[in-house]
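Data first, discussion second: the structure below is written as structure tokens.
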Number of protein chains: 2
Amino acid sequence: MAVTISDVASAAGVSKGAVSLALNGQTGVGEDTRQRILAAAKALGWTPSLRARGLKSSKAYALGLVIARDAKLLGTDPFFPAFIAGIETTLAEHEYTLVLSVATARGAEERSYRKLADGRVDGVILTDVRHDDSRLALLRELKLPAVTLNRPDAPSPFPAVCMDDSDGITAAVEHLIQLGHTRIAHVGGAQAYIHGRSRRRAWAEALGAAGLGADLFIEADFTAAGGQTATEKLLAREDRPTAIVYANDLMATAGLSFAQTHGVSVPGDLSITGYDNAEFARYLNPPLTTIAADPLQWGRQAARVLLGLLDGSHDGGDLVLSPPQLVLRASTGPARQP
Amino acid sequence: MAVTISDVASAAGVSKGAVSLALNGQTGVGEDTRQRILAAAKALGWTPSLRARGLKSSKAYALGLVIARDAKLLGTDPFFPAFIAGIETTLAEHEYTLVLSVATARGAEERSYRKLADGRVDGVILTDVRHDDSRLALLRELKLPAVTLNRPDAPSPFPAVCMDDSDGITAAVEHLIQLGHTRIAHVGGAQAYIHGRSRRRAWAEALGAAGLGADLFIEADFTAAGGQTATEKLLAREDRPTAIVYANDLMATAGLSFAQTHGVSVPGDLSITGYDNAEFARYLNPPLTTIAADPLQWGRQAARVLLGLLDGSHDGGDLVLSPPQLVLRASTGPARQP
DNA sequence: ACTCCTCACTAAACCGGTTTAGTAGTAAGA
DNA sequence: TCTTACTACTAAACCGGTTTAGTGAGGAGT
């Protein structure tokens with residue numbers, strides 16, 4: 001980046017201002033001069049410095065994403081890579097880039113947002129929204145525009161991009177009820193997350209609607225180990241469930257493995273559903289019935305709304321995307337008659 | 001970011017320069033004045049704009065990572081999330097951030113690098129290095145400093161951070177030979193990647209060292225579907241292998257699933273090994289013997305070397321990390337005697 | 001009493017763009 | 001012919017920091 005606008009200006013025999021006008025397609029330079037300037041710029045291999053431009057326009061031309069997850073858990077979740085790829089499909093059409101921050105410790109999360117707020121990004125996308133999420137106040141303090149994934153349970157000044165998880169869970173539970181199951185458990189994710197809560201609520205409500213009780217619940221943490229432990233506890237009960245709805249595919253996989261290695265046949269003795277439709281889920285034995293969200297689309301739209309918010313073209317309202325769909329595979333089957 | 005250094009300066013009754021000196025711990029301001037300035041800054045909630053600082057210092061305070069993968073493949077690979085988390089552990093100790101770009105189309109990749117080169121990042125980390133990688137020339141043109149993951153097979157001016165994959169594959173093949181296998185196949189990843197090649201070479205050489213031929217090779221593409229197809233072809237052969245070394249866990253999972261659903265018992269009739277040690281691999285039935293790299297460490301060290309390169313403290317030499325280890329599980333067993 | 005230093009601080013240049021105000025030249029209109 | 005309007009361009013301010021050169025005061029040395 002040694003070549004600057006001044007070099008181009010003197011090469012073309014004009015002022016810096018003229019070069020700027022020519023480059024940005026503004027009126028104020030004659031057509032022949034414009035061509036001369038552009039030729040000089042190309043000859044010198046000049047591209048305007050985003051830093052300088054950003055200083056003047058007070059923009060960073062970047063969006064931020066802070067992922068607060070344990071490093072170990074991160075690699076297991078098919079959500080983020082696809083979500084990020086979705087963000088990129090939008091950013092590729094704009095002169096924006098994505099600044100990614102992974103915060104493993106809790107204190108690191110706030111530090112990450114503060115780091116981004118010193119002018120590195122123009123706005124952030126809030127994922128993994130938590131119950132009473134402290135980041136809402138933090139972002140207000142930092143004056144950082146944002147969009148949230150789904151609407152927080154506390155008042156939020158930010159537009160939300162919503163993909164309701166409850167529909168999918170409801171469909172899974174109804175599917176199991178239809179197969180004759182009455183003892184349907186739920187191994188949930190951390191209830192600190194609003195998506196952990198909404199999945200549990202959907203499960204409980206679907207059971208309630210069928211006149212069934214929602215007592216077979218265990219809170220796990222989205223990890224395979226957690227899913228395994230929860231499954232062990234459930235299967236040790238007197239009133240052992242005949243079906244388990246897991247809050248993600250990884251816990252379901254661990255549950256499946258535990259059941260099979262302990263003589264519980266799937267789906268003969270136990271039906272199992274996951275969530276996420278991870279690539280490996282259809283290659284399990286039996287293939288996993290699961291719920292397929294569209295994280296790519298979610299990322300794409302989240303970035304879109306945030307960019308719209310930044311340039312004033314978005315009205316601030318929520319955007320509701322089509323909900324995840326139940327994918328039927330062989331891990332669910334009829335309840336064994338007693 | 002409405003509050004600037006000038007606001008702080010007038011609030012403290014000093015000049016802009018004094019504020020800058022005070023903030024950065026330079027000599028040239030008295031201790032009492034320094035305290036007054038810092039107090040004023042805190043009262044106003046001022047943090048210096050990275051944009052302005054970057055303009056003066058010609059630095060972006062960011063590293064870049066371009067991931068060129070199909071969006072679908074991305075979510076399946078446990079490597080990148082952990083690798084990125086590793087990068088972050090280093091960046092958290094510095095005032096640098098990570099700019100991430102996902103390029104799904106091939107043309108998009110070059111565009112991504114060009115986008116980063118206009119002053120958004122100070123250097124990039126090159127992953128998924130390809131045979132005769134065209135990005136080396138591109139980076140030279142863009143004058144972007146870089147580190148590569150493993151040493152490219154063409155001359156490269158950049159330091160490489162190396163984690164040799166061949167040791168793990170060699171160990172896997174030797175393990176299988178020890179179990180009495182003689183027909184050991186390899187389902188490789190795309191040979192356009194140097195890690196696809198080196199894994200194949202290690203497999204072939206380990207076989208050669210034992211006096212066995214390396215003819216049972218199929219090139220797949222790291223996807224589950226590819227792994228399944230390759231497995232189908234291998235199992236259809238007259239001289240069907242008794243063991244398959246896969247280039248990643250996902251292909252191994254698909255192969256396992258295919259074998260089992262076609263009456264081939266694992267490890268009774270067929271032993272299987274993966275690569276990556278994905279979280280779900282130990283929850284398969286049987287649990288997958290695989291090769292565990294340490295992507296977190298790799299990311300951490302890659303960022304370290306790149307930062308060192310940027311501030312001149314790195315000498316430009318390669319850094320060699322400890323190689324991935326074979327993780328023995330139940331998907332490998334003794335070859336069935338004919 | 002004079003020079004010479006050092007210290008604490010200010011003014012101004014600077015990074016590389018964008019943008020505004022201003023100027024010269026030309027053409028149209030009265 | 002003189003004003004008016006418009007075009008094409010330049011000079012300079014500006015964004016928000018850092019950094020250099022310069023200034024005035026106070027103390028030490030001779």
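Order of the sequence lines fixes the chain letters, A, B, ..., with proteins taken first and strands second; residue numbering starts at 1 for each chain. The figures that follow rest on heavy atoms only: side chains count, while hydrogens, waters and symmetry mates do not.
In this structure, B:Asp7 atom CG and D:dG16 atom P are separated by 9 Å, rounded to whole Å. Between the CD atom of A:Gln35 and the P atom of D:dA8 there is a distance of 14 Å, given to the nearest Å. Rounded to whole Å, atom P of D:dG16 lies 9 Å from atom NZ of A:Lys56. Atom NZ in A:Lys59 sits roughly 17 Å away from atom C1' in C:dG16 (whole-Å rounding). Atom pair B:Leu55:CG and C:dA13:C1' shows a separation of 13 Å (rounding to whole Å applied). Rounded to an integer number of Å, the gap from CG of B:Leu44 to P of D:dG16 is 14 Å. What separates CZ of A:Arg51 from P of C:dG16 is a distance of 9 Å, to the nearest Å. Computed from coordinates, the B:Ile5 CD1 to D:dC15 P distance equals 14 Å when rounded to whole Å.
Contact check for A:Trp46 versus A:Val19: side-chain heavy atoms found under the 4.5 Å cut-off. Between A:Ser101 and B:Glu88, the closest side-chain pair of non-hydrogen atoms falls below 4.5 Å. Proximity of A:Gln301 to A:Val320: side-chain heavy atoms (C-beta onward) are nowhere separated by under 4.5 Å. Within the 4.5 Å cutoff, no side-chain heavy atoms of A:Leu21 are placed close to those of A:Thr27. The shortest distance between side-chain heavy atoms of B:Val14 and B:Arg36 falls below 4.5 Å.
Ring orientation note: the planes of A:His195 and A:Tyr193 are close to parallel, at an angle under 30° on the 30°/60° scale. Aromatic ring pairs are classed by plane angle as parallel below 30°, tilted from 30° to 60° and perpendicular above 60°; the pair B:Phe83 and B:Phe79 is parallel.
Looking at A:Arg120 and B:Glu95, no side-chain N of the basic residue comes within less than 4.0 Å of a carboxylate O on the acidic one, giving no salt bridge. Salt-bridge annotation for A:Glu93 and A:Arg300: present, with a side-chain N of the basic residue lying under 4.0 Å from a carboxylate O of the acidic one. The pair B:Glu109-B:Arg114 does not count as a salt bridge, with every side-chain nitrogen at least 4.0 angstrom from each carboxylate oxygen.
Within the nucleic acid shown, B:Gly28 comes within 4.0 Å of at least one base atom, counting heavy atoms only. Counting non-hydrogen atoms under 4.0 angstrom, A:Ser6 reaches nothing in the nucleic acid.
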Nucleotides 25-28 of chain C: which of its N/O atoms have a protein N/O under 3.5 Å away?
none

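A:Leu309 and A:Ala146 get closest at one heavy-atom pair: CD2-O, 3.5 Å. Closest approach of B:Val124 and B:Tyr113 over heavy atoms only: CG2-CE2, 4.2 Å.
Close to D:dT18, at under 4.0 Å from its OP1 or OP2, lies a side-chain N or O of B:Arg53. OP1 or OP2 of C:dG17 sits under 4.0 Å from a side-chain N or O of A:Trp46.
Helix-axis bend for the helix from C:dA1-D:dT30 to C:dA30-D:dT1: the local axis fitted to the five terminal pairs at one end deviates from that at the other end by 60°, rounded to 10°.
When the nearest nucleotides of DNA chain C are assigned to B:Ser58 and B:Asp32 by heavy-atom distance, the more 5′-ward of the two goes with B:Asp32.
For A:Thr33, whose side chain is taken as the heavy atoms from C-beta onward, the closest listed nucleotide among C:dC15, C:dA8, D:dC9 is D:dC9.
Residues from residues 8-24 of chain A with heavy atoms under 4.0 angstrom of DNA chain C, sorted by number: A:Lys16, A:Gly17, A:Ser20, A:Asn24.
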